[in-house]
Amino acid sequence: MGAGHAHKLYREGRSPVHALPAQCKIAAVLCFVLVVVSTPREAVWAFGAYAVALAAVAAVARIPAGYVLRRLLIEIPFVAFAVLMPFVADGERVAVLGMELSRPGLWGAWNILAKGTLGVAASVLLASTTELRALLLGLQRLRMPPLLIQIASFMIRYGDVISDEMRRMRIARQSRGFEARGVRHWGVLAKSAGALFIRSYERGERVHLAMVSRGYAGTMPVIDDMTATRAQWLSAAALPLTALVVCLTGWMLI
């Protein structure tokens with residue numbers, strides 16, 4: 001994890017949110033999501049308050065609203081599932097725009113959409129203000145199992161290598177006049193996938209041998225040890241603490 005690795009979600013900046021250590025932001029987002037999930041679905045106003053809190057974080061981080069909204073499109077499959085719930089769920093039926101819909105299904109759809117969207121938005125803000133390398137170091141500071149961190153690190157580091165290998169293989173096929181148009185071409189694609197797997201496996205063995213020859217004994221050296229001050233922890237805790245107050249108020253008012 002000694003070298004940096006940029007990712008498409010990260011948006012470079014010098015805001016106070018960018019400056020917070022990764023472990024503080026990871027813990028804050030996790031606690032925020034847990035509070036949001038614990039909020040009663042009937043407290044509709046509470047979810048609006050959560051959205052305002054995330055908008056405030058985005059403003060402090062100087063992340064444009066359009067940038068966040070475009071990346072929320074990843075939850076479209078969950079939105080499609082939620083939209084179907086009022087039509088297929090059982091229970092009391094109510095008329096909405098001339099259609100007979102299930103009341104429990106409507107509440108279930110709202111529950112999924114509200115909590116899912118807020119969770120994805122919080123994750124987008126985390127990814128937009130934290131580099132991948134810093135995320136891994138932050139997880140390490142939070143005592144995540146080292147083996148999982150190493151696996152994630154190698155996936156990030158060599159994902160682009162494998163993608164580039166796939167691109168070169170595709171260009172090689174196209175230069176020879178190949179174009180997949182139907183089932184009869186699946187055999188060629190399967191052979192290409194097999195060749196890619198073998199090359200990746202051999203590359204992994206070579207990398208492992210190179211690491212062992214340089215003294216690797218199951219743990220990776222930490223070059224930058226990111227420590228967080230009490231003030232930074234308190235700054236990161238502002239979001240989940242605000243959400244906790246909203247959640248408790250919502251439970252008292254229903």
Side-chain angles (χ1 to χ4, degrees), residues 1-13 18 22 25-26 29 63-64 66-81 116-117 119-140 144-216 218-224:
M1 293 187 293
H5 189 104
H7 61 94
K8 295 180 180 179
L9 286 179
Y10 178 69
R11 186 181 179 90
E12 188 174 358
H18 286 80
K25 290 184 279 188
I26 294 172
V29 169
I63 304 296
Y67 182 89
V68 177
L69 292 176
R70 286 194 300 271
R71 279 146 185 81
L72 288 180
L73 296 177
I74 193 174
E75 67 166 345
I76 286 180
F78 300 97
V79 173
F81 172 75
T117 301
V120 173
S123 301
V124 168
L125 289 177
L126 173 63
S128 300
T129 57
T130 315
E131 293 182 343
L132 275 176
R133 174 175 169 273
L135 281 174
L136 294 174
L137 291 174
L139 292 172
Q140 189 173 30
M144 184 176 178
L147 185 59
L148 294 181
I149 295 177
Q150 291 180 47
I151 292 173
S153 176
F154 285 120
M155 286 178 61
I156 294 169
R157 190 177 300 275
Y158 293 102
D160 289 342
V161 176
I162 295 176
S163 298
D164 191 58
E165 187 81 19
M166 292 176 60
R167 181 184 62 81
R168 290 197 298 269
M169 294 174 70
R170 177 176 55 82
I171 293 175
R173 290 195 302 267
Q174 292 177 347
S175 66
R176 290 165 175 78
F178 175 81
E179 184 177 354
R181 295 180 178 178
V183 178
R184 67 178 184 276
H185 295 126
W186 286 7
V188 176
L189 298 178
K191 292 177 181 178
S192 299
L196 179 64
F197 174 79
I198 293 173
R199 292 179 186 178
S200 302
Y201 187 84
E202 292 176 343
R203 179 181 288 110
E205 285 188 325
R206 292 195 301 270
V207 169
H208 179 259
L209 290 175
M211 291 170 59
V212 171
S213 67
R214 289 164 174 78
Y216 174 74
T219 57
M220 298 291 289
V222 178
I223 297 177
D224 296 327

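What you see is a predicted model; the values in this text were computed from it and never measured. Start at 1 with the first residue, then count along the sequence. Quick note: numbers below take in every heavy atom, side chains included, and nothing from hydrogens, waters or symmetry partners.
- With values rounded to the nearest 0.5 angstrom, R173 atom CZ is found 5.5 Å from L189 atom CG.
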Is there a side chain to side chain contact (heavy atoms under 4.5 Å, CB included) between F78 and V120? Walk through the geometry before answering.
CA-CA 11 Å; F78 300 97; V120 173; over 6 Å; no
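- Taking OG1 of T129 as the reference point, atom NZ of K25 lies at 4.0 Å (rounded to 0.5 Å).
- When all heavy atoms of A22 and A134 are compared, the closest pair comes out as CB-O, 3.0 Å.
- Here L139 pairs with I26, M144, I149 under the side chain to side chain contact (heavy atoms under 4.5 Å, CB included) rule; sequence neighbours left out.
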*Run the side chain to side chain contact (heavy atoms under 4.5 Å, CB included) check on V29 and L125 step by step: do they pass?*
CA-CA 9 Å; V29 169; L125 289 177; over 6 Å; no
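- Residue L209 places its CG atom among more than 12 non-hydrogen atoms of other residues, nucleotides or ligands, all under 6.0 Å distant.
- Looking at every heavy atom in both residues, Y10 comes nearest to S128 through CD1-O, 3.6 Å.
- Residue S123 holds its OG atom at 10.0 Å from CG of L72, rounded to the nearest 0.5 Å.
- If you take CE on M166 and CZ on R170, they are separated by 9.0 Å, rounding to the nearest 0.5 Å.
- For the pair E75 and G116, the tightest heavy-atom approach, listed with the atom from each and the gap, is OE1-C, 3.7 Å.
- Surrounding CZ of R168 are more than 12 heavy atoms belonging to other residues, nucleotides or ligands, all under 6.0 Å away.
- Atom-to-atom distance recorded for M211:CE and Q150:CD is 6.5 Å, nearest 0.5 angstrom.
- Within the structure, salt bridge (charged side-chain N to carboxylate O under 4.0 Å, His left out) pairs that include any residue of residues 200-209 comprise E165-R203 (at least two apart or interchain).
- Between A195 and M169, the shortest heavy-atom distance links the atoms CB-CE, 4.2 Å.
- Here the straight-line distance linking atom CG of L148 with atom CG of L136 works out to 11.5 Å at 0.5 Å rounding.
- Other residues, nucleotides and ligands contribute at most 12 non-hydrogen atoms within 6.0 Å of the CZ atom of F197.
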